[in-house]
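Everything numeric here is computed off the predicted structure, so don't read it as measured data. Order of the sequence lines fixes the chain letters, A, B, ..., with proteins taken first and strands second; residue numbering starts at 1 for each chain.
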Protein chains: 2
Amino acid sequence: MTHRQPLAPDMFDELCPSSLLPFRFGDKWAALVIRCLEDGPRRFSELRVPLRRVTPKVLTQSLRGLERDGLVSRTVHAAPELRVEYALTPLGRSMLEPLDAACAWAAAHWDELLDARDSYNAP
Amino acid sequence: MTHRQPLAPDMFDELCPSSLLPFRFGDKWAALVIRCLEDGPRRFSELRVPLRRVTPKVLTQSLRGLERDGLVSRTVHAAPELRVEYALTPLGRSMLEPLDAACAWAAAHWDELLDARDSYNAP
DNA sequence: GTCAGCGGTATCCAGGTGGTAACTGCCCTC
DNA sequence: GAGGGCAGTTACCACCTGGATACCGCTGAC
């Protein structure tokens, strides 16, 4: 399986910072990484395109965490050139379901959430 | 609406520490608080029973966060005696859906997750 | 008048998370 | 043989979260 479209640099520009949401999947960037891997394996440098706010160190951390939990696999192709591919494992793919549920909730209640914060800060 | 059963001290003893899961809802204790409020409003001291590992400061923090996000309401009854009740708002109740999705995923894949960690730490 | 229970606060502190900046080794191309 | 891309690593640092401990004001019961 190879991937179709290159990842766009502004892929997550519209997305609310995950720190605003009342839930998190894995560490700060894990959910976005999983989204990037949704339709096929990606290389390290490929992931850095939409996640350009993340430094390589932090991206490595996040990927190692996902790998440790068996959600993402890491494959090194040494020849003909160095090529490291990250892909969702079946377990990782199964996590798209709760992730989608969370995203759907956030999309449906985003305005309520913002209103609640506003009226709490300035009542 | 009043609550039926008192909360048991060992309510969450079996539950895996949320830090082991690849996702979190709100802060460390928020998901458990929401579960406690699932079938009716509860008092501060009532919540402390199953959440006895949480100090009052931290529980207050968590409740304030949930209140700020409009997921939980706080009502003070001054008479005849001081009585503070926390309850799920409709928004908070709507969050049970993604929360259940996450719990179902965790229950279904808990063993895989543990295996993945084991084999990562000792390959 | 003292004491317990309620619903918290105040203060301090340790550890973890995320970020910056710079650097590395390897291969390939020019 | 110099430079550039790939896939990171290293060292350092700031902030935030969560926890420990102690304390507070109020009320009602004894």
Mutual orientation of the aromatic rings belonging to A:W105 and A:H109 [parallel < 30°, tilted 30-60°, perpendicular > 60°]: tilted
In whole angstroms, how far is the P atom of C:dG7 from the CG atom of B:L63? 11 Å
Any base atoms under 4.0 Å from A:V84, or only sugar-phosphate, or nothing? Heavy atoms, all strands. sugar-phosphate
Whole Å only: how far is the CD atom of A:E81 from the C1' atom of C:dT29? 12 Å
Whole-Å distance, A:L47 CG to D:dA7 P, equals 10 Å
Using a heavy-atom cut-off of under 4.0 Å over every strand shown, decide if B:R74 touches base, sugar-phosphate, or nothing. sugar-phosphate
Using whole Å, report how far CZ of B:R52 lies from C1' of D:dA20. 18 Å
Distance, rounded to the nearest Å, where A:K28 contributes NZ and D:dT17 contributes C1': 14 Å
Short side-chain N/O contact from B:R24 to OP1 or OP2 of D:dG18, under 4.0 Å: yes
Name the residue closer to the 5' end of DNA chain C, choosing between B:Y86 and A:Q61 according to the nucleotide with the nearest heavy atom. B:Y86
Over how many whole Å does the gap from B:D27 atom CG to C:dG16 atom C1' extend? 15 Å
Sugar-phosphate only, base, or nothing, as touched by A:S45 at under 4.0 Å among non-hydrogen atoms: sugar-phosphate
Can you check whether any acceptor in the base of C:dG19 is under 3.5 Å from a donor in the side chain of A:K57, or vice versa? yes
Crowding at CD, A:E97 (>12 non-hydrogen neighbours, <6.0 Å): no
How long is the line joining CZ of A:F44 and P of C:dT24, in whole Å? 18 Å
Whole-Å distance, B:L82 CG to C:dA4 C1', equals 14 Å
Please determine if a side-chain N or O atom of B:R83 lies less than 4.0 Å away from the OP1 or OP2 oxygen of C:dG7. no
Closest nucleotide of DNA chain C for A:P56 versus for A:A78: which of these residues is on the 5' side? A:P56
Is it true that B:R74 and B:Y86 share a donor-acceptor pair across their side chains at a distance under 3.5 Å? yes
B:R48 side-chain N/O to C:dG8 phosphate OP1/OP2 under 4.0 Å: no
Determine whether A:E85 and A:R83 satisfy the following criterion, salt bridge (charged side-chain N to carboxylate O under 4.0 Å, His left out), listing intermediate values before the conclusion. CA-CA 6 Å; A:E85 278 196 330; A:R83 183 180 183 84; 3.6 Å; yes
Nearest non-hydrogen partners of A:D69 and A:L91, listed with the distance: O-CD2, 3.6 Å
